[in-house]
Amino acid sequence: MLKIGPLLELLKEGVKEGVFPGAVSGIYCQEKTYILAAGYASLVPFLEPIEEVFLYDLASLTKPLALGLTLMSLLENSKLLDLEKPLKEYLEVPSPFGEIPLFRFLNHTSGLKAWHPFYLEKPLTLEKIFNSIMSLPLEYKPGEKCLYSDLNFFLFTYLLEKVYGKPFETLYEKAKQRILFSRQSFLIFKPTSKGIDEEIIVPTSIDPESKKILRGVVEDENTRALSGVSGVAGLFGNVYGVLDVLIEILKAYQGERNGLNPEIVRYFLEFSDPSSEFTLTFMKPTKAGYSATGGVFSEKTVGHLGYTGCSFFIDLERELIVVLLTNRVHPHRGNEKIKEFRSLFHRAVIENL
């Protein structure tokens, strides 16, 4: 049985040391779920205590939890996409983009640059982002190395909309129906427009343009300029929503046939490319020499990190899931203490199993 006392103390220490205003962690092991919460939802303009059900801006956790989940669902329902085929099979694109296999956009080996300020062009659309990507030179030869890139997932969002003829959010909501969510779960784009009260959404940073604290508005500027929805960022959720998806993924990986196809899930989680630190949409535990899991999770581990301070990892060998939701960017983005804390926290989880 997991000893949660030391882990809760570690979260409280993180609050005290200014790693983040507050945190909520969800841990699933030996078929039991543990939820821990410490600290505050906000520091300014006043202190608000955190609650387990509060929603966080999940940032890049959107990549596996929204785009990854959507793609897993689509690949079972239709044969419109083959991830081994090149981009030119699906979109009219110039060389060398046309020769890049689809999987290289999902494991960050495509050759695309890491980031670009698309949001400076207003109004912004996915079409404009796609055209801009096509006008940018490749940073390296596809397959030569791994460079984490938001451009990969903007391109893939555009691809899904073109191939399936529906908005990405519509495709995602359909895929979500495969997950058996608990009553307290939230996993949603544009929460305030769906009637969710700002008070249960944890704020992030102060927007330099409006000088207002972002709350229920996505932190990522490019996705914000797209009205809050992309396969890159924009997903808001609480610990229950994140855990529900990850538990379904783990069970499918183990061979249980519920909402997700075990064969497709294994394809995503076990996909291996010697030049990449990613499977398909999921990160391996060690990235560029830094281990967010503290080097103590098994080699059969997948997960993802989010800019706002969120993360999750699934140790497939231990059948262990660890979700850590924080808003380390509140009220200012410059706080980098989360990097060291993530390693400490994951080591402590293993120590207290």
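Just so you know, these numbers come straight off a predicted model, no measurement behind them.
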Should [X] and [Y] be regarded as members of a common hydrophobic cluster, given that ILVMFWY residues are connected when their side-chain heavy atoms come within less than 4.5 Å of each other, either directly or indirectly?
| X | Y | answer |
| --- | --- | --- |
| L58 | V329 | no |
| L138 | L87 | yes |
| L91 | L71 | yes |

Return yes if a side-chain donor-acceptor contact under 3.5 Å exists between [X] and [Y], otherwise no.
| X | Y | result |
| --- | --- | --- |
| T308 | N327 | no |
| R266 | N261 | no |
| S182 | S185 | yes |
| K113 | Y140 | no |
| K63 | S60 | yes |
| D220 | T223 | yes |

Does R183 make a cation-pi contact with Y240, if we ask for NZ or CZ under 6.0 Å from the ring centre and within 45° of the axis? no
Taking the six-membered ring of F181 (Phe, Tyr or Trp), confirm whether the NZ or CZ of K176 is under 6.0 Å from its centre and within 45° of its axis. yes
If every non-hydrogen atom of [X] is compared with every non-hydrogen atom of [Y], which pair is closest and at what distance?
| X | Y | result |
| --- | --- | --- |
| K194 | I188 | CG-CD1, 3.6 Å |
| V218 | G228 | CG1-CA, 4.0 Å |
| E219 | T204 | OE1-OG1, 2.6 Å |
| E99 | S95 | OE1-OG, 3.1 Å |
| I249 | L269 | CG2-CD1, 3.9 Å |
| G98 | V93 | CA-CG2, 3.3 Å |

Between the main-chain N or O of [Y] and the side-chain N or O of [X], is there a donor-acceptor pair closer than 3.5 Å?
| X | Y | value |
| --- | --- | --- |
| T157 | G231 | yes |
| R328 | R333 | yes |
| R224 | G234 | no |
| S205 | P331 | no |
| N238 | E52 | no |
| R215 | I201 | yes |
| T109 | K145 | no |
| R342 | L305 | no |
| E317 | S298 | no |
| N152 | L112 | no |

Report yes if the side chains of [X] and [Y] come closer than 4.5 Å at any heavy-atom pair, otherwise no.
| X | Y | result |
| --- | --- | --- |
| L353 | C29 | yes |
| I200 | V53 | no |
| R257 | P262 | yes |
| V24 | I50 | yes |
| Y90 | K85 | yes |
| V163 | L159 | yes |

Plane angle bin for [Y] and [X] - parallel if under 30°, tilted between 30 and 60°, otherwise perpendicular:
| X | Y | result |
| --- | --- | --- |
| F103 | F271 | tilted |
| H346 | F313 | perpendicular |
| Y172 | F189 | perpendicular |

Carboxylate-amine/guanidinium contact E9 K12, below 4.0 Å: yes
Output the distance between atom [atom1] ([X]) and atom [atom2] ([Y]), rounded to the nearest 0.5 Å.
| X | Y | atom1 | atom2 | value |
| --- | --- | --- | --- | --- |
| L83 | N107 | CG | CG | 10.5 Å |
| R347 | L10 | CZ | CG | 10.0 Å |
| W115 | L151 | CH2 | CG | 10.0 Å |
| L250 | L320 | CG | CG | 9.0 Å |
| D315 | I350 | CG | CD1 | 6.0 Å |
| F312 | M283 | CZ | CE | 9.5 Å |

Could you go step by step and tell me if E270 and K284 meet the salt bridge (Lys or Arg N to Asp or Glu O under 4.0 Å) rule? CA-CA 10 Å; E270 294 180 342; K284 295 176 185 177; over 6 Å; no
Can you establish whether the number of heavy atoms outside [X] located under 6.0 Å from its atom [atom1] is more than 12?
| X | atom1 | answer |
| --- | --- | --- |
| E263 | CD | no |
| Y40 | OH | no |
| Q254 | CD | yes |
| L136 | CG | yes |
| K174 | NZ | no |
| E84 | CD | yes |
| E336 | CD | yes |

According to side-chain contact (heavy atoms from CB on, under 4.5 Å), who are the partners of E199, at least two apart in sequence or on a separate chain? D197
Which ring-ring contact (aromatic ring centres under 6.0 Å, His included) pairs, counting each pair once, include a residue from residues 49-77, with sequence neighbours left out? none
Check against side-chain contact (heavy atoms from CB on, under 4.5 Å), I213 and H330: CA-CA 8 Å; I213 295 172; H330 176 75; 4.2 Å; yes
Are Y148 and F278 an aromatic pair, judged by ring center distance below 6.0 Å? yes
Steps toward side-chain contact (heavy atoms from CB on, under 4.5 Å) verdict (N222, D150): CA-CA 10 Å; N222 286 328; D150 281 357; 5.6 Å; no
In sequence, state the C-alpha distance, the side-chain angles, and the governing distance for E127 and K162, and then conclude on salt bridge (Lys or Arg N to Asp or Glu O under 4.0 Å). CA-CA 10 Å; E127 186 91 34; K162 285 296 179 184; 3.7 Å; yes
